[in-house]
2 protein chains.
Amino acid sequence: MTVEKSGVECPINRAVELFNKKWTIQLIRDMFFGKKQFKEFQEDKPDLSNKVLSQRLKEMEAKGLIEKRVVNTSPVSTEYHLTEQGQKLNKVIYELAIFILDNPNYPEYNKNNKDQIKELFKNTLKVNDF
Amino acid sequence: MTVEKSGVECPINRAVELFNKKWTIQLIRDMFFGKKQFKEFQEDKPDLSNKVLSQRLKEMEAKGLIEKRVVNTSPVSTEYHLTEQGQKLNKVIYELAIFILDNPNYPEYNKNNKDQIKELFKNTLKVNDF
DNA sequence: CGGGATCCGGATGGATACTG
DNA sequence: CAGTATCCATCCGGATCCCG
């Protein structure tokens, strides 16, 4: 690629480093959709173990995508939020969704639900705001 | 998520199924940047083995992202191209690149090279065409 | 050149049990 | 609720050799 010749890594390689661990993308999506607590992230993911979830959250925090807030100590209450940087992933998530929704290989998305889901993503991700 | 309640999978889950595997994103990027041959994909990836590359190409073909063209039989010459669907990933790739380039955590991209790389991606991915 | 077959190691992640 | 500690299965992928 031309990028390498200028002496820097291709940004796509950097991006892959950030997102190729399992569950990472879904966790970011979940935070856009309002999930904050450790347990919430596991609700619709029966095979996301404590260990892996804990690892992912730490990694994402170390990479500056999310931040951890200890809200209360007894009972323990912790919240995870997207950082300002993390929120800039809204367009990536949106384009991923659009790619699938507009893909004829996924007929489960039809005229009955497609536009609704698009609107849901568009509003939730605030695609036009940033 | 609200999506699940409408009876369909979240499109992000579907997207993750497509791109989870190692090298997939880079291979798609490479094809946007003109690479076509088996060997070309390995050039800047010293640890992408024949086996894994072969697997990835087959998977991507099965998923309708790329197509295989046997150009010549002796000597063997095969080309891999993005399908019409695959080409619609241009915006996903673009947004991934932009996210990294505009991220202050990657100071290797500075005023000297950032705009150049952005232009390169914008032109190569033809972001405004589709 | 474009792969297939085998072999094998390390990394990843899931299950379970336990703790503050 | 939010994790930690262990154990274990699997899977993924790299190396090597081989073939048309």
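Please read all numbers here as calculations on a predicted model, not as lab measurements.
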> Roughly how many Å is it from CD in B:Glu43 to P in C:dC1, rounded to a whole number?
Replying inline: 10 Å
> Given atom CD of A:Glu79 and atom P of D:dA2, what is their separation to the nearest angstrom?
Replying inline: 9 Å
>> What I'd like to find out is whether the side chain of B:Leu27 reaches to under 4.5 Å of the side chain of B:Tyr80, using heavy atoms alone.
In response: no
> To the nearest angstrom, how far is B:Asn72 atom CG from D:dG20 atom C1'?
Replying inline: 14 Å
> Just checking, any donor-acceptor pair under 3.5 angstrom between side chains of A:Asn50 and A:Gln42?
Replying inline: yes
> How close or far is atom P of D:dG3 from atom CD of A:Gln42, stated in whole angstroms?
Replying inline: 10 Å
>> Applying the side-chain contact (heavy atoms from CB on, under 4.5 Å) criterion to A:Met31, which one of A:Leu65, A:Ile66, A:Leu89 satisfies it?
In response: A:Ile66
> For A:Tyr80, which contact category applies under a 4.0 Å heavy-atom criterion: base, sugar-phosphate, or nothing?
Replying inline: sugar-phosphate
>> Counting C-beta onward and ignoring hydrogens, is there a side-chain heavy-atom pair between A:Lys58 and A:Gln55 closer than 4.5 Å?
In response: no
> Taking CZ from A:Phe41 and C1' from D:dG3, how many angstroms apart are they, rounded to a whole number?
Replying inline: 14 Å
> Counting side-chain heavy atoms from CB outward, which of C:dG2, D:dT4, D:dC1 is closest to A:Lys58?
Replying inline: D:dT4
> Just how far, in rounded Å, is P of D:dA2 from CG of A:Leu53?
Replying inline: 10 Å
>> So, does B:Gln37 get its side chain near the phosphate of C:dG2, meaning an N or O under 4.0 Å from OP1 or OP2?
In response: yes
> How far apart are the C-alpha atoms of A:Leu18 and B:Phe99, what are their side-chain angles, what is the distance that settles it, and do they pass the side chain to side chain contact (heavy atoms under 4.5 Å, CB included) test?
Replying inline: CA-CA 11 Å; A:Leu18 285 183; B:Phe99 175 77; 3.8 Å; yes
> How long is the line joining CZ of B:Phe38 and P of D:dC19, in whole Å?
Replying inline: 18 Å
>> Looking at B:Ser54, I'd like to know whether one of its side-chain N or O atoms comes within less than 4.0 Å of OP1 or OP2 on C:dG4.
In response: yes
>> Just to be sure I understand the rule, does B:Lys68 reach a base, reach only the sugar-phosphate, or reach nothing, if contact means heavy atoms closer than 4.0 Å?
In response: sugar-phosphate
>> I need the NZ-C1' distance between A:Lys35 and D:dA2, as an integer number of Å.
In response: 16 Å
>> Parallel, tilted or perpendicular: which one describes the rings of A:Phe121 and A:Phe33, with boundaries at 30° and 60°?
In response: perpendicular
> Looking at B:Asn103, B:Asp102, B:Asn110, which one forms a side-chain contact (heavy atoms from CB on, under 4.5 Å) with B:Tyr106?
Replying inline: B:Asn103
> When every nucleotide of nucleotides 10-20 of chain C is labelled 5' to 3' by its protein contacts under 4.0 Å (heavy atoms), B for base, S for sugar-phosphate only, - for none, what sequence of letters results?
Replying inline: --SBBB-B--B
